[in-house]
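To keep things clear, I will list the structure first and then write my remarks on it.
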Amino acid sequence: MALIELKNVFKVYESQAGSVTAVGGVSTSFEEGEFTAIVGPSGCGKTTLLNAIGGLDQPTQGEIHIDGVNIVALKDRNLIDFRLQHIGFVFQAYNLIPVLTALENTAFILELQGVGKKERDARAMELLEAVGLADRAHNRPNQLSGGQQQRVAVARALASRPRFVLADEPTANLDSKSTETLLDIMAQLNDKEKTTFIFSTHDQRVIDRARRIIPLEDGKIKSV
Amino acid sequence: MNTIRMAWRNIWRSPWRSAVVIGSMSLGVWAGITMIGWATGLNDARTMSMLDDNVGHGRVQSAAFMESQDPRAILPHLPAIIEDLQRDSTVTAFAPRVVVQVMIQSGSGAAPMMALGVYPEAEQSVFSAARKVVQGSFLQDLESDEVVIGEELAKRLEVGIDDRVVLTFQDVLGEVHSALYYVAGVYDGASNLLEEMMLYVPVLNISRQMHLVDSLAIAENGRFPVAHELCFRVQEPYAMDPSLAHLEAQDSLRRWNVFIRSQIESLDQLALDGTPLVVRGWRSISPELGYADEVMAQSLLLFMTIILLAMAFGILNTMLMAILERTRELGMLMAIGMNKRKLFALIVLETILLSFAGLPIGLALGHFTLALTAKTGISLKGVEKGMAEFGIDSTIYPVTVPEFYLPIAALVFVLAFLSALYPARKALKLNPIESMRVL
Ligand SMILES: Nc1ncnc2c1ncn2[C@@H]1O[C@H](COP(=O)(O)OP(=O)(O)O)[C@@H](O)[C@H]1O
Ligand SMILES: [Mg+2]
């Protein structure tokens with residue numbers, strides 16, 4: 001059984017100006033251990049699709065199964081808990097809590113999960129080391145560069161050992177060197193921790209690093 | 001625990017804004033506490049002056065006298081009661097009294113009065129009214145035909161020192177007596193009302209005429225042969241419950257049911273003998289003084305609530321601003337899996353911390369202010385006259401009011417919680433992806 005299975009997923013936005021079909025019937029599946037990029041120009045529906053997979057947004061139609069659970073049918077509060085327990089998120093920006101240090105940010109999800117302080121700090125430190133920021137553990141986000149902040153976000157997403165990590169254009173705000181570093185780290189963690197990564201991008205250098213590419217055009221998967 | 005730390009750090013993201021809230025909270029609490037301390041000091045002073053004047057801190061009476069003011073209900077075995085009273089180390093002075101309803105008459109008027117038959121020295125050791133004699137002098141002995149009246153009464157009856165007045169009263173045998181007295185002194189009571197209600201006569205003089213005692217009883221019962229009530233002072237009138245309990249346990253007060261027979265053989269004293277003795281504190285003697293304390297405390301708390309309510313709106317507004325500034329972050333928190341309960345807790349905690357930060361500062365400032373002014377006092381010279389009407393001295397000594405600190409803290413807690421609800425609701429209604437959308 002696939003880790004994630006999308007069946008004919010639609011997302012239509014209704015407004016006075018008319019309806020916009022952001023995602024128009026996507027069916028695909030993701031296996032454990034994938035390192036996959038959802039690729040396409042701005043406005044093609046990448047964010048909408050990732051939000052649906054991550055249970056942040058309700059599709060208009062279709063089913064999304066994660067480990068056999070149809071998350072579309074989950075109630076709101078169960079969905080929050082499902083996200084907490086099973087999915088790691090890296091957003092394009094504003095990932096971190098400004099008043100917490102890198103270490104506290106990395107340990108935050110573990111704390112929400114109720115993991116004890118000793119254990120979560122050890123795990124958070126392990127991941128900060130993996131993303132090369134052990135020496136910045138006690139710095140707050142505003143003392144870190146954009147690239148470093150994204151690395152802390154990756155560390156946080158992975159700290160709780162989620163079933164997969166969703167990253168919506170994680171490098172969009174980074175320079176090329178930071179982009180390179182972040183992708184190195186993600187690829188490494190994909191190898192080492194066997195973490196499944198699904199990320200979106202329209203940056204060719206990022207696309208080149210992906211092991212699987214899902215090209216998106218006008219909300220549909222482009223047949224190659 | 002970490003939520004508290006996070007909430008605390010969140011408060012300091014806008015240090016100036018939070019400082020303003022905390023500062024105004026401190027000022028509000030300071031002003032409130034200071035007002036409460038002054039008002040309480042004023043009220044305590046009024047209470048104390050009434051107690052000093054003629055209420056006393058406590059009294060021993062028979063239940064029969066307490067019920068009906070029946071002049072026959074004199075205290076049995078008075079010497080034994082006095083002995084027990086003197087053994088109590090918290091009791092500092094005592095004064096036995098005979099109380100008789102009389103009518104006073106002068107050439108220019110008449111008034112119903114309460115005549116206090118007193119042992120002058122004892123009376124003066126307990127009551128300030130007996131000491132504040134402005135014309136003439138207080139009673140000198142136990143037997144003479146002298147009377148000391150209040151200033152207001154003297155004015156109304158148009159009498160002065162050595163003038164004659166007539167007291168009319170009914171003795172315990174039912175016969176009406178009218179007797180001539182000379183005004184020996186005029187006292188200045190704490191309240192004008194009381195000056196028109198009470199006068200002093202020598203105890204044995206009135207007791208003989210009332211047929212309360214005969215020479216035999218006077219010879220047998222030592223220094224204090226007769227009394228309806230035994231008034232006393234204690235060291236701490238605001239903490240006298242233990243003294244009362246201790247006195248009640250004394251033998252002389254428990255032996256009420258084996259009373260020695262009254263000395264007045266001709267009277268049927270059986271019913272009166274059958275009533276117990278009671279020890280009463282001033283709150284029971286003069287309930288209105290106790291009520292005044294309670295009503296005062298309640299209105300002061302209400303006053304504080306109004307101040308804090310105004311603060312609460314400021315806090316609500318500040319929290320609302322904080323939430324609006326942080327929509328992205330709150331959206332992100334919900335997206336990564338922070339549930340509504342935790343988010344609610346975070347915001348409520350932030351509000352409560354913000355509200356509570358100023359509280360100890362305000363309390364400390366208030367306490368300090370009161371402790372300082374409590375020593376020096378605040379003089380109200382201009383309104384001396386008006387204050388006298390109500391039995392108040394013209395210098396207020398504010399008191400520290402630690403008994404209010406906990407209720408105020410509870411009030412702040414409740415109001416902080418209430419003012420957190422609206423901002424928290426706003427936060428919980430945020431949609432994670434809407435609020436995180438990158439434009
Ligand atoms: N909340 C919304 N309301 C209306 N239209 C939306 C909304 N969110 C996204 N869209 C539209 O859906 C389409 C896909 O958007 P999006 O998923 O953000 O694309 P991408 O992430 O690939 O840039 C766009 O045309 C966009 O304008
Ligand atoms: Mg997008």
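Just so it is clear, the values below take in all heavy atoms, side chains as well, and ignore hydrogens, waters and symmetry mates. Throughout, a chain's letter reflects where its sequence line sits, starting with A, and its residues are numbered from 1.
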Go through [options] and name the one with the most non-hydrogen pairs under 4.5 angstrom from chain B.
options: A:P98, A:G55, A:A157, A:G88; result: A:P98
options: A:R77, A:R140, A:Q85, A:E169; result: A:R140
options: A:N95, A:L79, A:D76, A:D81; result: A:N95

More than 12 heavy atoms of other groups within 6.0 Å of [X] [atom1]:
X: B:F413; atom1: CZ; value: no
X: B:M35; atom1: CE; value: no
X: A:Y13; atom1: OH; value: yes
X: B:N317; atom1: CG; value: yes
X: B:L372; atom1: CG; value: yes

Toward chain B, the part of [X] with a non-hydrogen atom under 4.5 Å:
X: A:L96; result: backbone
X: A:F82; result: neither
X: A:D168; result: neither
X: A:I109; result: side chain
X: A:N51; result: side chain

If you take all heavy atoms of [X] and [Y], which pair is closest and at what distance?
X: A:F91; Y: B:A335; answer: CZ-CB, 3.7 Å
X: A:L112; Y: B:K342; answer: O-NZ, 2.9 Å
X: A:Y94; Y: B:M332; answer: O-CG, 3.5 Å
X: B:M334; Y: A:I80; answer: O-CG2, 4.4 Å
X: B:T3; Y: A:E111; answer: N-OE2, 4.5 Å

For B:G337, is there any backbone N or O sitting under 3.5 Å from a side-chain donor or acceptor partner on A:R83?
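No; zero donor-acceptor contacts below 3.5 Å.
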Is a salt bridge present between B:R9 and A:E104, judged by a nitrogen-to-oxygen distance below 4.0 Å?
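Looking at A:E104 together with B:R9, the answer is yes, because their closest N to O distance falls below 4.0 Å.
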Side chain / backbone / both / neither for B:I433 at chain A, heavy atoms under 4.5 Å
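Just the side chain, heavy atoms under 4.5 Å.
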Please examine the side chains of A:F108 and B:I336, heavy atoms only from C-beta on, and report whether any two atoms are closer than 4.5 Å.
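Touching, per the 4.5 Å side-chain cut-off.
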To the nearest 0.5 Å, how far apart are CG in A:L100 and CG in B:N10?
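Spacing of CG (A:L100) from CG (B:N10) equals 8.0 Å.
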Separation of B:M436 CE from A:L56 CG (nearest 0.5 Å)
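CE of B:M436 is found 6.0 Å from CG of A:L56.
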